[in-house]
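To start, the structure itself, in C-alpha cells.
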Amino acid sequence: MMELSVVLISKNQAWSIRRLIQSVLQATSFVSSKEIILIDSASTDQTVGLASRYPVSIIVLEPGQRLSPAIGRYVGYKQSRGEYILFLDGDTELIPGWLEHALRVMRETADVGAVTGVVMNLPTSAIAQELRESTHNTQTPTSREVLWCNYGGGGAAVYRRSVLEQVGTFNPYLSAEEEPELGIRIRHAGYRLLQLDHPMAFHYNDAPVAVSTALSRRRRNFHLGIGQAARCHLGTKLFWRWIKERWWDPTAALLMAAGLGSAFLSLLTRNFMWLGFWILGLCLLIGSLTFRKRSLGGALVAAFNWLIMAEGFFRGFLMRPLPPENFHADVLVAHDPRDRDLVMAALVSKNLDTKLQHSPHRT
C-alpha cells in the first residue's frame, strides 16, 4: 500500500494554490511513496490550470450540483490509496517538519486515529517567510488529546485509513461541521485524536467578524452542519454527546425558541410580561457581551450571529438525513499528472461526464 495520500480541496483559489502545492511537495519530500490529489469544486478562475503544472492528480467537480468542503474531502478520500491521508484546504500552506512527527506518532501509537497540529491564521496578503524560519524546531513536540482535528484550518490533519474504513469518512451531506462530526465517530470507536504542539500550517483568511461574514456563511449553508449532524445521530448514543460538545448552536436555538414562545404566550394571554422577561434577558446578554468585547458593535454582531446560528440549527435539524452510500458526485474532468494537457482540453470541451460512485461505512 502507498504510504501517504495528500488530499487538497479548492474553489477559486488561484491566489494560493501554487503556494499550497509547493509547500506540500517540500514537506513530503522525505516520503518515498506518496500521491497528491486536488479536488476542485468547479473553480472559475485559474486554479486548475495552475495546479496542472505540478505532479498532482486533479479531479474537477462539475458545476450545477451541490458543492461543499465535505464533498471535496469525501471524493478525495475515495480516490486515495495511502495508508495515511493528509487533508488540507486550498487557503493553507503546509509547514515543513510537522508531518515527520505526525507520521512517527501514527506508526508508533496504534490507537491514534488522526493527528493535527497548530494552525496559524494570517491575512491573505501576508508574506510568511519570517514565520517559516521561526517555526523550524528540531525538538520532539508534545501532544494532547482533542475533540476534533483543527477547525481553525479546515480539515487540516492526517488520518489513518484503517480507522476511516471502520467508522466512515467525512459525511458528504453535511454542509459544514464535517470535521467535528467525524471526530466524534472516531473517538466513539475507541481511538484518540492528537494535536502536536508544533506548527502545522498557515491558514490565509481575511473574513472579518461582521454581519456580512455571518450572512455570507448563511448563504453558503455553513450554519446547517450542527443541526444536520444532530439529526443524523438522533436516537443514537452520540446524539447528546454531540449536543454537549457543540452546545452553542443548540443554545442559540433554545433562546430563539424561548423568544418565540414568550411572544406567542404574550399574544395569547394579552399579558406581555413573558415577552418582557425575554427581552430583558436578551438585553442583559448583549450587555455582558459588550463588557467582554469592550464594544457594543461587536456585541451586536455576536448577537446577530447567534440568531443566524439558531436559524441554521433548526433548518439543519429539519433536513432528512441521507445515507452516504447513496451519494455521487458529477465529475467534469479527471487529470493524471502524466498528462498535463488533458485538464485544460477537457475544461474547454466539457465533454467528459463521469460519475464517482461511493459507498462509505456508517456507524
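In what follows, every heavy atom counts, from backbone to side chain, and hydrogens, waters and symmetry copies are set aside.
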By side chain to side chain donor-acceptor pair (under 3.5 Å), which residues pair with [X], not counting sequence neighbours?
X	result
Ser216	Arg220
Glu83	none
Gln26	none
Thr44	Asn12

State plainly whether the residues Arg73 and Glu179 are in salt-bridge range, i.e. N to O under 4.0 Å.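 Glu179 and Arg73: salt-bridged.
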Please determine if Glu245 and Arg241 form a salt bridge, counting it only when a charged side-chain N lies under 4.0 Å from a carboxylate O.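 Yes.
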List, by chain and number, the other hydrophobic cluster members for Leu318, where Ile, Leu, Val, Met, Phe, Trp and Tyr join if side-chain heavy atoms come within less than 4.5 Å, directly or indirectly.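 In the cluster with Leu318 there is nothing else; it is isolated.
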Test question: given the 4.5 Å side-chain rule for I, L, V, M, F, W and Y, name all other residues clustered with Leu174, or answer none.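 Besides Leu174, the cluster holds no residue at all.
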What class does the angle between the rings of His198 and His101 fall in, given that below 30° is parallel, 30 to 60° is tilted and above 60° is perpendicular?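 Tilted.
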Take the angle between the ring planes of Phe327 and Tyr173 and call it parallel below 30°, perpendicular above 60°, tilted in between.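 Perpendicular, since the angle between the ring planes exceeds 60°.
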Determine whether Arg107 and Tyr84 make a side-chain contact, defined as any pair of heavy atoms from C-beta on separated by less than 4.5 Å.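 Arg107 reaches Tyr84 side chain to side chain.
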Qualifying residues under salt bridge (Lys or Arg N to Asp or Glu O under 4.0 Å), relative to [X], sequence neighbours excluded:
X	result
Arg160	none
Arg66	none
Arg292	none
Arg161	none

Review item, side-chain donor-acceptor pairs of residues 296-308, under 3.5 Å, at least two apart:
none

Listing request: all salt bridge (Lys or Arg N to Asp or Glu O under 4.0 Å) pairs with a residue in residues 277-288, at least two apart in sequence or in separate chains.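 As it turns out, there is no salt bridge (Lys or Arg N to Asp or Glu O under 4.0 Å) pair with a partner in residues 277-288 once direct neighbours are skipped.
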Taking the six-membered ring of Phe313 (Phe, Tyr or Trp), confirm whether the NZ or CZ of Arg315 is under 6.0 Å from its centre and within 45° of its axis.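 No.
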